[in-house]
K.L.:
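The structure's right below; bear with me while I get my questions together.
When reading the values below, keep in mind they use all heavy atoms of this one structure, side chains included, and skip hydrogens, waters and symmetry mates.
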Amino acid sequence: MVPIYNINIIIMKKKIRVRFAPSPTGPLHIGGLRTAFYNYIFAKKYKGDFLLRIDDTDIKRNKKLSIKYILKALKWSKIKYNKGYNRDKDIQYIQSKRIHIYKYYLNYLIKNKYAYYAFDTVKELNLYRKDKNFIYNFLTRNKFKNSFTLNKNNIKKYLKKKKFVIRLKIPTNKNIIYKDEIFGNIKINTKEIDDKIIFRSNKKPTYHLASPIDDHLMKITHIIRGKEWLSTTPIYIILYKYLNWKIPKFIHLPLLLNNKKGKISKRLNYNDVPIYPINYKNFVNNSYEYNGFFRYAFINILALLIGYDLIKYKILNIKKIIKLFNFKNINKSDIKINYKLLCTINKNFILYGNKKYVNYKLYIYLRSKINKYKVKKKIIYKIINLTKDRITLINDIWNVANYFFINPKKYSLPQNIIKYIINNYKIVLNFINDNIIYFNKNLVLSKKEISNFINKIKNVNLLKLFRISIVGELVGINLVDIISILYKINKFIIIKRLINFKKFIFLYKNF
RNA sequence: GGCCCAUUAGUCUAUUGGUUAGGACGUCAGAUUUUCAUUCUGGAAAUAGGGGUUCGAUUCCCCUAUGGGCUACCA
């Protein structure tokens, strides 16, 4: 038998565990959420664990709000993480509460000379940094004040002052080669890498210390994160080798770019594509939810962004997304978000998604718009069913259904219709008068009777005029449906609108 | 500047050595619909450029260009 090497077998050897580790520096945007989603689906596919960790080693501003937002956003996007053994806590791993753990490993690193003290200030180093090629590592570390250059007494003196950082000692002139599951082999020489600061002068660890340690302690098997980490991964690997730990597998995801300027969504663009999932207080006020996206459509958008062919599948539920998951589906190049494509996904959810849920959401929205008017629930649902296939976003429902609730305030007539009115003023006037009389006479009308009445009108221009008198312009669903629904809402609406239109037509009399 | 990564129509992508380079959204034209939207039919539109390797390169290698990332006591 020839062994078949594929990812499934490699993964199945032990339970896989992945993690999403956002830094609470601001609201979680679609890029971060997409990383979380990939982690989540990956874990579910292979029946593993998906953990949440907050990477907040040295963060002050917006921290609390950001964490709240992260939890809300994950919940809204239906991304569920394992809560671990303590179910009362929302989050099991918060780095700011684990500083003592990092210090333990830090001591080990220093003892074994894998890390060392350094005393140069930022100001001093900045002078060297004027040379853009400057690097603080085996090439230059002899020039500076640190454990290697100072004698024991001097080191003690500096340590007493308590102003020091701890740097990771990067090995001399060595090629670090690692395999990324998506990008393949990555090779970086250690001469390109700084002796990274892993412990700050304010006694807090940096990402380069805390994150790898946590990943090990959390038994993470696959590091799934954005591509921006591709060239800093060697630091991670060096640290793991120093600590003699098993290096996890790496899956780096291509970045999300803005539609127009090609810059990363994290930094730019608030105009065209929404980048946040939901609104939250004043923290976020332009989101997918706010702009009328369904959360299930949003999940499909996340699926699109990790390589699913949404054109083929139209709309997918979580179960199917998990079933169809293949880590290879994502491709290497960065993704430009196309807003129209996202809208299409939302529209597909309206057309092919859960009918009850779609109708309910549209009902809630419409209800909020027509608070003043007393219209029966049943009728609103009927309106929704007749109009919803014309919209792409939830908020659009008002644009295609408003004429059921408010009388036209103005009339927009195309040129040929205006000409028709002027040339056939008497015919038009008689037509409207006849209609008024008809609807006045027949206060009880079935849909069939209305249909017969409309179908008798053979003149296209008069039909168009009829529609304009009811709707205000040449848009909307089938005229028979419009009239029969308006009739159900109130028997006198049609007559009222016809009379209004008659007054308007009067302007054309003198032409 | 250095290092790392990417590059198929406007956009998302299929084709991992042999295809008339396929699909979808968008766009344009026509048909249907009493209007509009839908739907249907059809059209235009791409392997960044230049060198190799090969009988043959979108696919493998090199150079250039473009875009992005990293180059912090941010993550």
K.L.:
Under the salt bridge (charged side-chain N to carboxylate O under 4.0 Å, His left out) rule, collect the residues that match up with A:K143, sequence neighbours excluded.
P.N.:
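Checked A:K143 against salt bridge (charged side-chain N to carboxylate O under 4.0 Å, His left out); zero matches.
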
K.L.:
Separation of A:L256 atom CG from B:rC5 atom P, in whole Å?
P.N.:
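Going from A:L256 (CG) to B:rC5 (P), I get 21 Å.
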
K.L.:
Test the A:R141-A:F148 pair against the cation-pi criterion, namely NZ or CZ under 6.0 angstrom from the six-membered ring centroid and within 45° of the ring axis.
P.N.:
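The answer is yes; both the distance and angle limits are met.
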
K.L.:
In whole Å, measure the gap between the P atoms of B:rU15 and B:rG22 for me.
P.N.:
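Taking atom P in both B:rU15 and B:rG22, they lie 14 Å apart.
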
K.L.:
Checking all strands, does A:S201 fall into the base, sugar-phosphate, or nothing category for heavy-atom contacts under 4.0 angstrom?
P.N.:
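Base contact.
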
K.L.:
Would a 4.5 Å heavy-atom cut-off, applied to side chains only, mark A:I493 and A:N407 as touching?
P.N.:
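The answer is yes; the side chains approach within 4.5 Å.
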
K.L.:
What is the separation between atom NZ on A:K196 and atom P on B:rA72, rounded to the nearest whole Å?
P.N.:
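These atoms are roughly 6 Å apart.
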
K.L.:
Assess the pair A:F325 and A:Y38: is the distance between their ring centroids shorter than 6.0 Å?
P.N.:
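Yes - the distance between ring centres of A:F325 and A:Y38 falls below the 6.0 Å cut-off.
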
K.L.:
Ignoring the backbone of A:R467, work out which of B:rC4, B:rU35, B:rC73 is nearest its side chain.
P.N.:
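Closest nucleotide to the A:R467 side chain: B:rU35.
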
K.L.:
So A:N331, base contact, sugar-phosphate only, or nothing? Heavy-atom distance under 4.0 Å.
P.N.:
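Sugar-phosphate, backbone atoms only, no base.
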
K.L.:
Given the P atoms of B:rU7 and B:rG49, what is the spacing between them in whole Å?
P.N.:
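To the nearest whole Å, 14 Å.
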
K.L.:
Out of B:rG1, B:rC25, B:rC4, which has the shortest distance to the side chain of A:T344?
P.N.:
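Taking heavy atoms from C-beta onward, the closest nucleotide is B:rC25.
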
K.L.:
Distance check, P atoms only: B:rC55 and B:rU11, in whole angstrom units.
P.N.:
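My reading of the P atoms in B:rC55 and B:rU11 gives 37 Å.
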
K.L.:
Rounding to the closest angstrom, what is the interatomic distance between B:rA14 and B:rG2 at atom P?
P.N.:
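B:rA14 and B:rG2 have their P atoms separated by 32 Å.
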
K.L.:
Which residues pass the salt bridge (charged side-chain N to carboxylate O under 4.0 Å, His left out) test with A:D180, sequence neighbours left out?
P.N.:
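Applying salt bridge (charged side-chain N to carboxylate O under 4.0 Å, His left out) to A:D180 gives none.
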
K.L.:
When you get a sec, tell me which of B:rC73, B:rC12, B:rC5 is the closest nucleotide to the side chain of A:I335?
P.N.:
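The answer is B:rC12, which lies nearest to the side chain.
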
K.L.:
In whole Å, what separates the P atom of B:rA31 from that of B:rA46?
P.N.:
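Straight-line distance between the two P atoms is 28 Å.
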
K.L.:
Atom CG of A:L304 and atom P of B:rG23: how far apart are they, to the nearest Å?
P.N.:
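Between P of B:rG23 and CG of A:L304: 19 Å.
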
K.L.:
Should B:rA75 form a Watson-Crick or G-U wobble pair with both distances under 3.5 Å, which nucleotide is its partner?
P.N.:
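Base-paired to nothing in any strand shown.
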
K.L.:
Over how many whole Å does the gap from A:D389 atom CG to B:rA37 atom P extend?
P.N.:
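Going from CG in A:D389 over to P in B:rA37 covers 13 Å.
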
K.L.:
For A:K191, enumerate each residue passing the side-chain contact (heavy atoms from CB on, under 4.5 Å) test, keeping only those at least two apart in sequence or located in another chain.
P.N.:
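Expected list: A:F138, A:L139, A:N173, A:N189.
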
K.L.:
Taking NZ, NE, NH1 and NH2 as the nitrogens, is one of them in A:D481 or A:K382 under 4.0 Å from a carboxylate oxygen of the other?
P.N.:
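Answer for the salt bridge query: no.
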
K.L.:
Between B:rU34, B:rU11, B:rC73, which nucleotide has the shortest distance from any of its atoms to the side chain of A:R129?
P.N.:
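For A:R129, the side-chain atoms sit closest to B:rC73.
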
K.L.:
Above 12 or not: heavy atoms from other molecules or residues under 6.0 Å from NZ of A:K361?
P.N.:
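Result for NZ/A:K361: open.
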
K.L.:
CD1 of A:I468 versus P of B:rC36: gap in Å, rounded?
P.N.:
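Roughly 11 Å, once rounded to whole Å.
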
K.L.:
Given the structure, check if the side chain of A:S231 and the base of B:rC3 hold any donor-acceptor pair shorter than 3.5 Å.
P.N.:
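Under the 3.5 Å cut-off, the side chain and the base do not form any donor-acceptor pair.
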
K.L.:
With rounding to the closest Å, how many angstrom separate the C1' atoms on B:rU20 and B:rU58?
P.N.:
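Between the two C1' atoms, the distance is 16 Å.
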
K.L.:
Mind checking if A:V460 touches a base, just sugar-phosphate, or nothing, with heavy atoms under 4.0 Å?
P.N.:
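Since only primed, P, OP1 and OP2 atoms lie under 4.0 Å of A:V460, the category is sugar-phosphate.
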
K.L.:
If you only use heavy atoms from C-beta on, which nucleotide in B:rC5, B:rC36, B:rG2 is closest to the side chain of A:E192?
P.N.:
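The closest nucleotide is B:rG2.
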
K.L.:
Return the set of residues passing side chain to side chain donor-acceptor pair (under 3.5 Å) with A:N461 (not counting sequence neighbours), or none when no residue passes.
P.N.:
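Residues passing side chain to side chain donor-acceptor pair (under 3.5 Å) with A:N461: none at all.
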
K.L.:
So what's B:rG17 paired with, Watson-Crick or G-U wobble, going by both distances under 3.5 Å?
P.N.:
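By the stated definition (distances under 3.5 Å), nothing pairs with B:rG17.
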
K.L.:
Does A:K332 have a side-chain nitrogen or oxygen under 4.0 Å from the phosphate oxygens OP1 or OP2 of B:rA6?
P.N.:
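Result: yes.
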
K.L.:
Between B:rC70, B:rG1, B:rA6, spot the one nearest the side chain of A:E228, thanks.
P.N.:
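From the listed options, B:rC70 comes nearest.
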
K.L.:
Whole angstroms only, please: what is the CG-C1' distance between A:L255 and B:rG69?
P.N.:
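Atom CG in A:L255 sits about 7 Å away from atom C1' in B:rG69.
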
K.L.:
How many Å lie between CG on A:L342 and P on B:rU11, as a whole number?
P.N.:
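That distance rounds to 15 Å.
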
K.L.:
Pick the closest RNA chain B nucleotide for A:K132 and for A:I477 by heavy atoms, then say which residue is nearer the 5' end.
P.N.:
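Its nearest nucleotide lies further toward 5', so the answer is A:K132.
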
K.L.:
Please list all pairs passing the ring-ring contact (aromatic ring centres under 6.0 Å, His included) test where one or both residues lie in residues 158-188 of chain A, with sequence neighbours left out.
P.N.:
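The answer is A:Y117-A:F164, A:F119-A:Y158, A:Y178-A:F250.
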
K.L.:
Go ahead and name the base partner of B:rU8; Watson-Crick or wobble counts if both distances stay under 3.5 Å, otherwise write none.
P.N.:
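The answer is none; no pair meets the criterion.
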
K.L.:
Does A:K355 NZ have over 12 foreign heavy atoms under 6.0 Å away?
P.N.:
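No, the 6.0 Å shell around NZ holds no more than 12 heavy atoms from other groups.
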
K.L.:
Would you mind pulling out the nucleotide paired to B:rC3, Watson-Crick or G-U wobble, both distances under 3.5 Å?
P.N.:
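Check on B:rC3: paired to B:rG69, both distances under 3.5 Å.
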
K.L.:
For B:rA6 versus B:rG42, give the span between their C1' atoms, rounded off to a whole number of Å.
P.N.:
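Nearest-Å result for B:rA6 against B:rG42 at atom C1': 36 Å.
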
K.L.:
Answer with base, sugar-phosphate or nothing: what part of the nucleic acid does A:I454 contact at a heavy-atom distance below 4.0 Å?
P.N.:
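A:I454: no heavy atom of the nucleic acid under 4.0 Å.
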
K.L.:
Can you check whether any acceptor in the base of B:rC36 is under 3.5 Å from a donor in the side chain of A:R390, or vice versa?
P.N.:
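Flag set: donor-acceptor pair detected.
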
K.L.:
Have a look at A:K187 and say if it touches a base, only the backbone sugar-phosphate, or nothing, with a 4.0 Å heavy-atom cut-off.
P.N.:
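Counting heavy atoms under 4.0 Å across all strands, the contact made by A:K187 is with sugar-phosphate only.
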
K.L.:
Which nucleotide in the set B:rC4, B:rA75, B:rU35 lies at the smallest distance from any side-chain heavy atom of A:T206?
P.N.:
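Of the options given, the side chain of A:T206 lies nearest B:rA75.
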
K.L.:
Would you classify A:T57 as touching base, sugar-phosphate or nothing, given that sugar-phosphate means primed atoms plus P, OP1 and OP2, and contacts are heavy atoms under 4.0 Å?
P.N.:
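Since only primed, P, OP1 and OP2 atoms lie under 4.0 Å of A:T57, the category is sugar-phosphate.
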
K.L.:
Nearest to the A:K227 side chain among B:rC4, B:rA75, B:rG68, which nucleotide is it?
P.N.:
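Within the option list, the nearest is B:rG68.
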
K.L.:
How many Å lie between CD1 on A:I251 and P on B:rC5, as a whole number?
P.N.:
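A:I251 atom CD1 is separated from B:rC5 atom P by 18 Å.
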
K.L.:
Taking the same atom, C1', in B:rU53 and in B:rU71, what whole-Å distance lies between them?
P.N.:
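To the nearest whole Å, 36 Å.
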
K.L.:
So what does A:N461 hit on the nucleic acid, given a heavy-atom distance under 4.0 Å: a base, only sugar-phosphate, or nothing?
P.N.:
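Since no nucleic acid heavy atom lies under 4.0 Å of A:N461, the category is nothing.
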
K.L.:
Can you identify which nucleotide, out of B:rC5, B:rU34, B:rC25, has its nearest atom closest to the A:L341 side chain?
P.N.:
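Comparing B:rC5, B:rU34, B:rC25 against the side chain of A:L341, the answer is B:rC25.
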
K.L.:
Under 4.0 Å, heavy atom to any atom of RNA chain B: which of residues 392-404 of chain A qualify?
P.N.:
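Nucleic-acid contacts, sorted: none.
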
K.L.:
If you check the A:R167 side chain, which of B:rC73, B:rG68, B:rG1 turns out closest?
P.N.:
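Nearest to the side-chain atoms of A:R167, counting from C-beta on, is B:rC73.
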
